Amino acid sequence: MSPAPDAVDGEGKPLARPQPRQRQKTQKPEGPLKKKRQAQPDSETAAGGRRAAASSASAQRRAAHKADLERRILDAARQLFATQGAEAVTLREVAAAVGYSHATIYSFFSDKAALLARLVAESQEELSALLAAALVPVPQQSNPAAAALGRLVRAYLRWAATHPHHYRLMMLACSEAPPAVFAQLEAWLASRASAERALQAQTLWAALHGAALLEIVQVPAGGLDWAPLEARADALIRLLERGLLTQPPRSSRS
């Protein structure tokens with residue numbers, strides 16, 4: 001059979017064939033499973049964020065607990081060492097004072113020497129920083145050296161009186177003199193010649209150390225009608241001024 005001829009119009013021209021109708025696709029409503037799959041990445045991201053935040057908060061709590069326990073260990077050890085003597089105290093006693101096993105102490109400090117060194121270093125750093133602040137010049141003072149001496153003496157004695165365990169441990173349980181503290185006393189005598197400066201710094205320290213120990217040990221024991229600490233500090237300052245400031249400082253080149 002031959003194909004049917006194309007249809008023509010009245011003028012003999014072939015008629016255009018009708019084009020097939022295009023079907024319009026309609027958007028199907030999303031089912032619950034598809035919605036769940038689409039929402040899953042967001043929920044996983046949110047869950048991951050929550051887990052990370054919870055982990056971070058947990059890590060912060062652990063770090064805070066560890067820091068608090070370390071401070072409790074240091075405070076208990078300082079008091080035991082200062083009152084009973086460093087050689088008489090064991091790490092087991094320190095652990096018992098804070099309510100933990102001695103194995104816990106070893107997780108912070110390798111041995112008693114390391115613990116003692118940490119305590120002494122902390123006390124030296126605190127006192128030397130306080131003395132350094134006392135030596136900062138104050139503008140418009142008629143006698144800067146005397147004013148600095150007064151601030152130095154008061155800062156030293158007040159700190160010792162406020163921190164008796166710190167002071168006793170630093171000065172009595174350690175075989176070496178705290179170099180950072182001595183350096184601050186020498187700093188006040190910076191204009192003196194080196195040999196004179198060392199001797200005068202040692203003398204100044206002897207006076208301060210004696211006054212501090214009297215305040216820590218003898219004053220609480222009674223026996224004398226002790227004047228208040230501030231009055232004794234003022235008297236000591238006047239004595240030191242006459243002994244250390246009456247002669248003009250020599251040049252370091254002399």
Side-chain angles (χ1 to χ4, degrees), residues 78 81-82 85-87 113-219 227 229-254:
R78 182 180 288 111
F81 288 155
E87 295 188 4
L115 175 56
L116 184 62
R118 168 72 176 277
L119 293 172
V120 172
E122 280 192 357
S123 297
Q124 287 189 35
E125 181 179 353
E126 186 174 346
L127 179 55
S128 62
L130 195 65
L131 298 180
L135 293 178
V136 174
V138 177
Q140 299 177 346
Q141 287 188 323
S142 58
N143 193 338
L149 176 64
R151 293 192 301 270
L152 187 78
V153 170
R154 292 186 182 93
Y156 190 105
L157 296 182
R158 287 170 181 169
W159 186 88
T162 307
H163 303 84
H165 297 312
H166 295 63
Y167 189 81
R168 291 179 65 175
L169 183 62
M170 179 180 69
M171 301 300 295
L172 302 180
C174 186
S175 59
E176 297 181 359
V181 176
F182 185 73
Q184 297 304 326
L185 301 182
E186 278 196 309
W188 179 72
L189 297 161
S191 61
R192 269 67 173 175
S194 58
E196 183 182 55
R197 181 167 63 247
L199 176 60
Q200 290 189 344
Q202 292 170 14
T203 304
L204 172 59
W205 200 355
L208 293 174
H209 181 55
L213 283 185
L214 284 174
E215 178 63 23
I216 293 171
V217 179
Q218 298 299 328
V219 172
L229 176 62
E230 293 298 324
R232 284 181 280 120
D234 290 342
L236 179 60
I237 291 167
R238 289 192 295 270
L239 289 172
L240 291 171
E241 284 178 351
R242 285 196 290 269
L244 298 175
L245 296 178
T246 52
Q247 297 297 325
R250 294 183 299 174
S251 169
S252 60
R253 293 190 296 269
S254 62

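Worth saying up front: this structure is predicted, and the values here are computed from it rather than measured.
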Residues W188, L131; criterion side-chain contact (heavy atoms from CB on, under 4.5 Å); working and verdict:
CA-CA 10 Å; W188 179 72; L131 298 180; over 6 Å; no
What is the ring orientation for H209 with Y167, classed by angle as parallel under 30°, tilted 30 to 60°, or perpendicular over 60°?
tilted
Which pair of non-hydrogen atoms, one from L244 and one from Q200, has the smallest distance, and what is that distance?
CD2-CD, 3.9 Å
To check you understand the geometry: which heavy-atom pair defines the closest contact between L149 and L245, and what is its length?
CD2-CD1, 4.4 Å
Heavy-atom side-chain proximity of L152 to I237 below 4.5 angstrom
no
Are E122 and M170 packed together at the side-chain level, in the sense that at least one heavy-atom pair is separated by less than 4.5 angstrom?
no
Do you know the tightest heavy-atom contact between A212 and A160?
CB-CB, 3.7 Å
Check: L236 and L208 side chains under 4.5 Å, non-hydrogen atoms:
yes
Distance in Å, R78 CZ paired with L169 CG, rounded so as to fall on 0.5 Å steps:
7.0 Å
Donor-acceptor pair, distance only, cut-off 3.5 Å: does the side chain of R232 make one with the backbone of A227?
yes
Which heavy atom of A201 sits nearest to which heavy atom of L185, and what is that distance?
O-CD1, 4.2 Å
So, taking the atom named CD in Q218 and the one named CG in L213, what distance separates them when rounded to the nearest 0.5 Å?
9.0 Å
Where the side chain of R154 meets the backbone of A134, is there a donor-acceptor pair that is under 3.5 Å apart?
no
Mind listing the closest non-hydrogen atom pair of E241 and A146 along with its distance?
OE2-CB, 3.5 Å
Heavy-atom pair of closest approach, residues H166 and S123
CB-OG, 3.6 Å
Distance col, row W205:CH2 vs E186:CD, nearest 0.5 angstrom, shows 10.0 Å
Rounded distance (nearest 0.5 Å) linking atom CZ of R197 with atom CG of L204
13.5 Å
When you compare the side chain of E215 with that of L157, does any pair of heavy atoms fall below 4.5 Å?
no
Over 12 foreign heavy atoms within 6.0 Å of CD, Q141:
yes
Can you confirm whether L127 sits close enough to M171 that some side-chain heavy atom of one is under 4.5 Å from a side-chain heavy atom of the other?
no
Assign the ring pair H163 / W159 to parallel, tilted or perpendicular, where the plane angle (0 to 90°) is split at 30° and 60°.
parallel
